[in-house]
Amino acid sequence: MKKTAVDVLKKYGLIFIGCIIYSFGVALFIDPHSLASGGVTGIAIMISSLAKGKIGTGTLILIINVPLFILGAVFFGRKFIVSTLIATALSSGLIELWSYCVLPYFPEIDNILIPSTVGGALYGCGLGLIFRAGSTTGGTDIIVKLLRKRFRHMRTGIISMIVDIVIVGASAFVYKDIDLLFYTVLSIFAF
């Protein structure tokens with residue numbers, strides 16, 4: 001079945017809107033409060049925090065995704081990778097843009113419950129739109145797809161949950177803050 005220009009515009013329009021919402025949640029709520037929310041985003045937030053912000057979270061997301069894109073291209077083909085590459089590059093660039101242009105003027109939030117729930121909701125809503133368009137933001141989604149090919153008896157959601165539990169659990173050791181771990185879990189439930 002051939003896709004019309006309207007179908008392609010709808011798909012990439014949905015990806016664009018999803019990337020804006022997702023990047024807002026990460027740059028303005030999740031990252032500034034060190035809520036390592038799982039996936040490559042969570043890994044990038046932890047590394048950026050350990051590097052004292054010398055390298056931005058959006059940049060790290062892009063760097064970490066390079067080897068994963070190579071794996072994805074090898075195992076899933078070019079069609080899957082094109083929209084994922086666009087979504088990842090756009091969302092990473094927007095995370096950096098919001099971090100430098102909006103975050104310094106954004107009101108400071110003292111109650112971590114707010115960024116946990118609002119950031120989680122924006123993160124999840126944005127990703128939902130990206131997924132609905134048939135794309136991903138790369139990262140652990142590629143790893144999950146590869147593991148799913150190997151372990152066909154396991155459901156995708158279970159594999160994804162295990163990967164995210166490992167990443168979120170690592171944040172407790174990186175930040176040495178159990179409260180932050182539970183707020184991170186809350187942000188994941190918000191999305």
Side-chain angles (χ1 to χ4, degrees), residues 11 14-15 18-19 21-23 25-26 29-31 33-49 57 60-88 91-92 95 113 115-175 177-191:
K11 173 182 177 157
L14 207 54
I15 290 171
C19 286
I21 296 168
Y22 162 79
S23 63
V26 173
F29 296 97
I30 293 174
D31 188 18
H33 294 90
S34 301
L35 299 167
S37 57
V40 166
T41 303
I43 294 168
I45 288 169
M46 285 187 280
I47 293 171
S48 180
S49 179
T57 299
L60 284 165
I61 290 170
L62 215 48
I63 291 169
I64 295 168
N65 269 303
V66 169
L68 297 173
F69 282 132
I70 293 168
L71 278 174
V74 169
F75 287 99
F76 304 116
R78 192 177 58 145
K79 187 178 178 184
F80 169 78
I81 291 300
V82 170
S83 66
T84 298
L85 182 60
I86 289 169
T88 303
S91 61
S92 297
I95 288 168
L113 187 60
S116 293
T117 54
V118 174
L122 290 170
Y123 183 104
C125 180
L127 281 181
L129 291 174
I130 294 167
F131 291 161
R132 177 168 279 200
S135 188
T136 71
T137 55
T140 56
D141 297 332
I142 294 170
I143 293 169
V144 168
K145 277 181 149 308
L146 286 170
L147 289 172
R148 179 72 170 103
K149 284 181 89 165
R150 173 74 174 102
F151 303 104
R152 293 190 183 276
H153 63 281
M154 291 183 73
R155 294 194 330 238
T156 303
I158 299 295
I159 297 170
S160 182
M161 186 174 68
I162 291 168
V163 170
D164 283 344
I165 286 170
V166 169
I167 294 166
V168 171
S171 74
F173 296 102
V174 169
Y175 296 122
D177 186 343
I178 197 74
D179 290 346
L180 201 54
L181 171 72
F182 288 111
Y183 281 113
T184 300
V185 170
L186 178 64
S187 76
I188 291 170
F189 279 112
F191 70 82

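We use all heavy atoms of the structure for the numbers below, so side chains are in, but hydrogens, waters and symmetry mates are not.
- Looking at heavy atoms from C-beta onward, S187 lies out of side-chain contact with Y123 at the 4.5 angstrom threshold.
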Could you tabulate the donor-acceptor pairs under 3.5 Å formed by side-chain atoms of residues 67-77, not counting sequence neighbours?
none

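- Residues L35 and S116 have side chains in contact (heavy-atom distance under 4.5 Å, counting atoms from C-beta outward).
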Next on the checklist: Does S83 form a side chain to side chain contact (heavy atoms under 4.5 Å, CB included) with I15? I'd like the steps, not just the answer.
Outcome noted: CA-CA 8 Å; S83 66; I15 290 171; 4.2 Å; yes

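- Between the CZ atom of F173 and the CG atom of L181 there is a distance of 9.5 Å, given to the nearest 0.5 Å.
- S160 contributes atom OG, which lies 10.5 Å from atom CD1 of I143 (distance to the nearest 0.5 angstrom).
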Next on the checklist: Between Y22 and L122, does the side chain to side chain contact (heavy atoms under 4.5 Å, CB included) criterion hold? Intermediate values first, please.
Outcome noted: CA-CA 6 Å; Y22 162 79; L122 290 170; over 6 Å; no

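- Expressed to the nearest 0.5 Å, how far SG of C19 lies from CD1 of I130 amounts to 4.0 Å.
- For the pair T140/I167, a side-chain contact is recorded, criterion being any heavy-atom separation below 4.5 Å from C-beta on.
- Here the closest heavy-atom approach between residue I21 and residue G126 is recorded as CG2-N, 3.7 Å.
- Note that CG of L186 is 12.5 Å distant from OG of S37, once rounded to the nearest 0.5 Å.
- Note that the OG1 atom of T57 and the CD1 atom of I30 stand 10.5 Å from one another [nearest 0.5 Å].
- Donor-acceptor pairing under 3.5 Å is lacking for the side chains of N65 and T88.
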Next on the checklist: Go through it in stages, so that I can follow the logic: the residues are I95 and T41, the test is side chain to side chain contact (heavy atoms under 4.5 Å, CB included), and I'd like the CA-CA distance, side-chain angles, deciding distance and then a yes or no.
Outcome noted: CA-CA 11 Å; I95 288 168; T41 303; 5.5 Å; no

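- In this structure, the side chains of L180 and S34 come closer than 4.5 Å at one or more pairs of heavy atoms.
- In this structure, the side chain to side chain donor-acceptor pair (under 3.5 Å) partners of S23, at least two apart in sequence or on a different chain, are W98.
- Between the side chain of S49 and the main chain of M46, no donor-acceptor pair closer than 3.5 Å is present.
- Of the inter-residue distances, the one linking I86 atom CD1 with S91 atom OG reads 11.5 Å to the nearest 0.5 angstrom.
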